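Data first, discussion second: the structure below is written as structure tokens.
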Amino acid sequence: MTLVITIPDDAAALSVGADEVAWAILSEISQRGLDAKLVRTGSRGLMWLEPLVEFATSEGRMGFGPVNVADVAGLFDDPAHEKSLGLVEDIPWLKSQQRLTFARCGITDPLSLADYQAHGGLEGLRRALQMAPPDIVQEVVDSGLRGRGGAGFPTGIKWRTVADTPADQKYIVCNADEGDSGTFADRMLMEGDPFLLLEGMVIAGVAVGASKGFIYIRSEYPHAISKMRRAMAAARDGGLLGPKILNSSFAFDLEIRVGAGAYICGEETSLLESLEGRRGQVRPKPPLPAIAGLFGQPTVINNVLSLAAAPTILAKGAAFYRDYGMGRSRGTMPIQLAGNVRHGGLIERAFGLSLREIIEDYGGGTFSGGPVRAAQVGGPLGAYWPPELFDTPFDYETFASKSGMIGHGGIVVFDDTVDMARQARFAMEFCALESCGKCTPCRIGSTRGAETIDRIIRGERPGENRALLRDLCEVLRDGSLCALGGLTPMPVLSALDHFPEDFDVS
Amino acid sequence: MSTRANHPLQKDFNGHAVRELATRMKQMDGPLLPILHAVNEQFGYVDERALPVIADVLNLTRAEVQGVVSFYHDFRRTPAGRHVVKICRAEACQAMGAERLIGDMETALGVKLGETRADGQITFEPVYCLGNCALSPAALIDGQLHGRLNAAAALALAGK
Ligand SMILES: Cc1cc2nc3c(=O)[nH]c(=O)nc-3n(C[C@H](O)[C@H](O)[C@H](O)COP(=O)(O)O)c2cc1C
Ligand code: SF4
Ligand code: FES
């Protein structure tokens, strides 16, 4: 029997040498004259173990990691090699997860539609094609799925608005701008299971009556872009895209568009402007994109993970998905653990897990070995929290009640060398750098904010400048059209409130 | 950014090629960004003289095209160096010492962040997250992602 060996072709794995290891494996196979083949997968998300090599056995896949080129020959000789991890599925970090969206990532060949279907792919779409479109929408409403891009708006309600708005042309736009620092789930999914995203987009199209879609991918993700392009071609060949979706009467096709290095283009209306070929300036709402979006037409715009949740919901039913989670946060959340952490990566779990379980149990503390001093949750606009707040469960409402947000699910860990005044300053600097320029507080106030923090850092009239900083934050919060200006106060004020000692140099 | 007239990598501006490319792509929905990306890729930057050509093909004003080009960080106005090192300076990389790494690399590479070295060999620029935040610090070197970066490794990769 042919021996199957897998190694990720995921950008993170490649960033620590997966291609070099793959070449070494191929040369080992040929030197030994083995009946073996090497399959490139996505990443399992255990990033500190990348490159993670797996050998298929009758008991399951045996893992080795992190593997370097010098290790390779040994892997063929010694199943108890020092890099051996045993059965990958039994690694507690992975075994304890509840992988719905990332069920296939790291397991299948991302570009094989046959492999996708052998692992449950297209079941959701096949079921959707048997249903009346309003019932598809209802299923998503009933699942309790909320937008994973940050704002947490109920996905089904958005779809219903588009479905109920008559128009000759409607669009499905996938927001793959993933600009938040500390996040990489969209990238991993596009590289590791791209057909799932395509299936989700087709389901959305069938549900709302849209025949055309766009995936807007940030230019910082060249590998994901090329992977998605190849997946799209394979999907066309396999009838998942085109004039007759899976031989039904539905047509759906899409285009991939590449961003151009502007964080604000992750904001949905700015993204639409960018797609239309303009400066990515935020549009006032209303009108909602669901009513007048791309080229003025009703448009579903959803994050990658929202769209990628749809196939599971349709395949297994709304109740199955809704049974995961807590409160009004239903289903699973692909959490991304990053920064100064020992065991970083992708943790998909039902909502409700505490930050402490994530950072301490999964993360294993800091990479540097120092104590954890702070974690920023929810991207650059999210709050900085001290360990005292780590018992907070991962849930939209609970986080909001403590002046935080879960955003796109990124968690960045910092050790005790972090200077929180500098982090606050960076938040202001980032806002100034990425502002679309429409609102004065965001455009100018952010620069004033950075200067004010500089004065605090230099010890100039600290009391007065701290008060000024709070005033500036209020102006930003109240005078901004979108969340870039509106939420920049969150990292700044949380740093100031929870780490006041860093703003007091006296 | 450098503005040397005789950049070693500067290709001759070819208005004809730009017009051809823009004409070929103008049927797309919202063609301007894809066209600018294509020009940026083909020539290594978006030459001032390309703007009126694109504007003409798309029936836009030169100012409109100019406004779009200036909005996006990706569209270069001058040619990049032979090697482009984009280093992440967002939070997860900060947490792993990106600021110090940037300082070390500026010294080692002999170029300030945001600039192209005088000999045209290296452009060193900041980027805000590369999606490699669990293996930070990260950089994109000539389009290849690198993780757990240190100055020595970066230097070797950039070919010095
Ligand atoms: C400054 C800013 C940046 C954003 N960046 C992203 C992003 O990169 N990806 C994303 O999906 N949503 C992003 N959003 C949220 C989008 O505006 C929008 O809520 C989302 O795409 C809707 O999809 P969802 O309901 O599936 O989350 C951003 C919002 C703001 C204000
Ligand atoms: S808050 Fe900032 S980014 Fe948002 S619309 Fe206003 S100026 Fe643009
Ligand atoms: S913050 Fe540097 S790669 Fe994400």
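Here is the naming used below: chain letters follow the sequence lines, and residue numbers restart at 1 for every chain. Here the structure is a predicted model, which means the values were calculated and not measured.
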Handout entry: Option in G45(A), G277(A), A185(A) with maximal non-hydrogen atom pairs under 4.5 Å from chain B
Key = G277(A)

Fill in the blank from the handout: Given E255(A), H223(A), R257(A), M47(A), the one with more heavy-atom pairs under 4.5 angstrom with chain B than any other is R257(A)

Practice task
Drop me the distance from Q144(B)'s CD to I141(B)'s CD1, to the nearest 0.5 angstrom.
Solution key: 9.5 Å

Handout entry: Contacting moiety of S274(A), where chain B heavy atoms sit under 4.5 Å
Key = both

Practice task
Applying side chain to side chain contact (heavy atoms under 4.5 Å, CB included) between L94(A) and each of L46(A), I347(A), L49(A), report the one that passes.
Solution key: L46(A)

Fill in the blank from the handout: Rounded to the nearest 0.5 Å, the SG atom of C88(B) sits from the CD atom of E220(A) at a distance of 9.5 Å

Exercise for the section: Give the member of G280(A), S219(A), G345(A) that has the highest number of heavy-atom pairs under 4.5 Å with chain B. Expected result: G280(A)

Handout entry: chain A contact via E91(B) - side chain, backbone, both or neither, heavy atoms under 4.5 Å
Key = both

Practice task
Check each atom of P380(A) against the heavy atoms of chain B and say whether the ones under 4.5 Å are side chain, backbone, both or neither.
Solution key: both

Problem - Note, E267(A) side chain near L484(A) side chain (heavy atom, < 4.5 Å) - result: no

Exercise for the section: With rounding to the nearest 0.5 Å, note down the distance linking CZ in F124(B) to CD in E115(B). Expected result: 11.0 Å

Exercise for the section: Would you please indicate yes or no on a ring centroid separation below 6.0 angstrom for H343(A) and F367(A)? Expected result: no

Problem - Heavy-atom check, side chain of M105(B) versus side chain of I102(B), under 4.5 Å - result: no

Problem - N/O donor-acceptor pair under 3.5 Å between S181(A) side chain and A92(B) backbone - result: yes

Problem - Lys/Arg N to Asp/Glu carboxylate O, D10(A) vs R187(A), below 4.0 Å - result: yes

Completion exercise
Against chain A, residues from residues 54-68 of chain B with at least one heavy atom under 4.5 Å, in numeric order, are G67(B), V68(B)

Practice task
Count the heavy atoms belonging to other residues, nucleotides or ligands that lie under 6.0 Å from CZ of R443(A), then report whether that count exceeds 12.
Solution key: yes

Problem - Test item: D142(B) side-chain N/O and V84(B) main-chain N/O as donor-acceptor pair under 3.5 Å - result: yes

Exercise for the section: Check for a donor-acceptor pair, side chain of T366(A) on one end and backbone N or O of D415(A) on the other, with a separation under 3.5 Å. Expected result: no

Practice task
Answer yes or no: is there a side-chain heavy-atom contact under 4.5 Å between E434(A) and H73(B)?
Solution key: yes

Handout entry: Which of H37(B), K86(B), E99(B) touches chain A most, by non-hydrogen pairs under 4.5 Å
Key = H37(B)

Exercise for the section: Tell me, out of L33(B), N132(B), D74(B), who's got the most heavy-atom pairs with chain A below 4.5 Å. Expected result: D74(B)

Handout entry: Max heavy-atom pair count under 4.5 Å with chain B, selected residue of E178(A), Q281(A), R278(A), E276(A)
Key = R278(A)

Problem - Heavy atoms from other residues, nucleotides or ligands near CD of E20(B) exceed 12 (cutoff 6.0 Å) - result: no

Exercise for the section: Could you check which of Q336(A), E50(A), K212(A), R218(A) has the highest count of heavy-atom pairs closer than 4.5 Å to chain B? Expected result: R218(A)

Practice task
Heavy-atom distances under 4.5 Å only: say whether V418(A) touches chain B with side chain, backbone, both or neither.
Solution key: neither

Fill in the blank from the handout: Interface check, chain B: of A338(A), G410(A), S368(A), most non-hydrogen pairs under 4.5 Å belong to A338(A)

Practice task
Could you tell me which portion of L130(B) (side chain, backbone, both or neither) has an atom closer than 4.5 angstrom to a non-hydrogen atom of chain A?
Solution key: both

Completion exercise
Cut-off 4.5 Å, heavy atoms of chain B, and the answer for C436(A) is both

Handout entry: Within-4.5 Å side-chain heavy-atom neighbours: L381(A) and T488(A)
Key = yes

Completion exercise
Most heavy-atom pairs under 4.5 Å with chain A, out of N40(B), L32(B), L145(B), L149(B), belong to L145(B)

Practice task
Give a yes or no answer on whether the side chain of Q121(B) reaches the backbone of H83(B) with a donor-acceptor pair at less than 3.5 Å.
Solution key: no

Exercise for the section: Kindly compute the distance separating CG (L135(B)) from CZ (F184(A)), expressed to the nearest 0.5 Å. Expected result: 8.0 Å

Exercise for the section: Look at L140(B), D29(B), V69(B) and state which one has the largest set of heavy-atom pairs under 4.5 Å with chain A. Expected result: D29(B)

Handout entry: Inter-chain contacts: residues 420-433 of chain A against chain B, heavy atoms under 4.5 Å
Key = Q423(A), F426(A), E429(A), F430(A), L433(A)

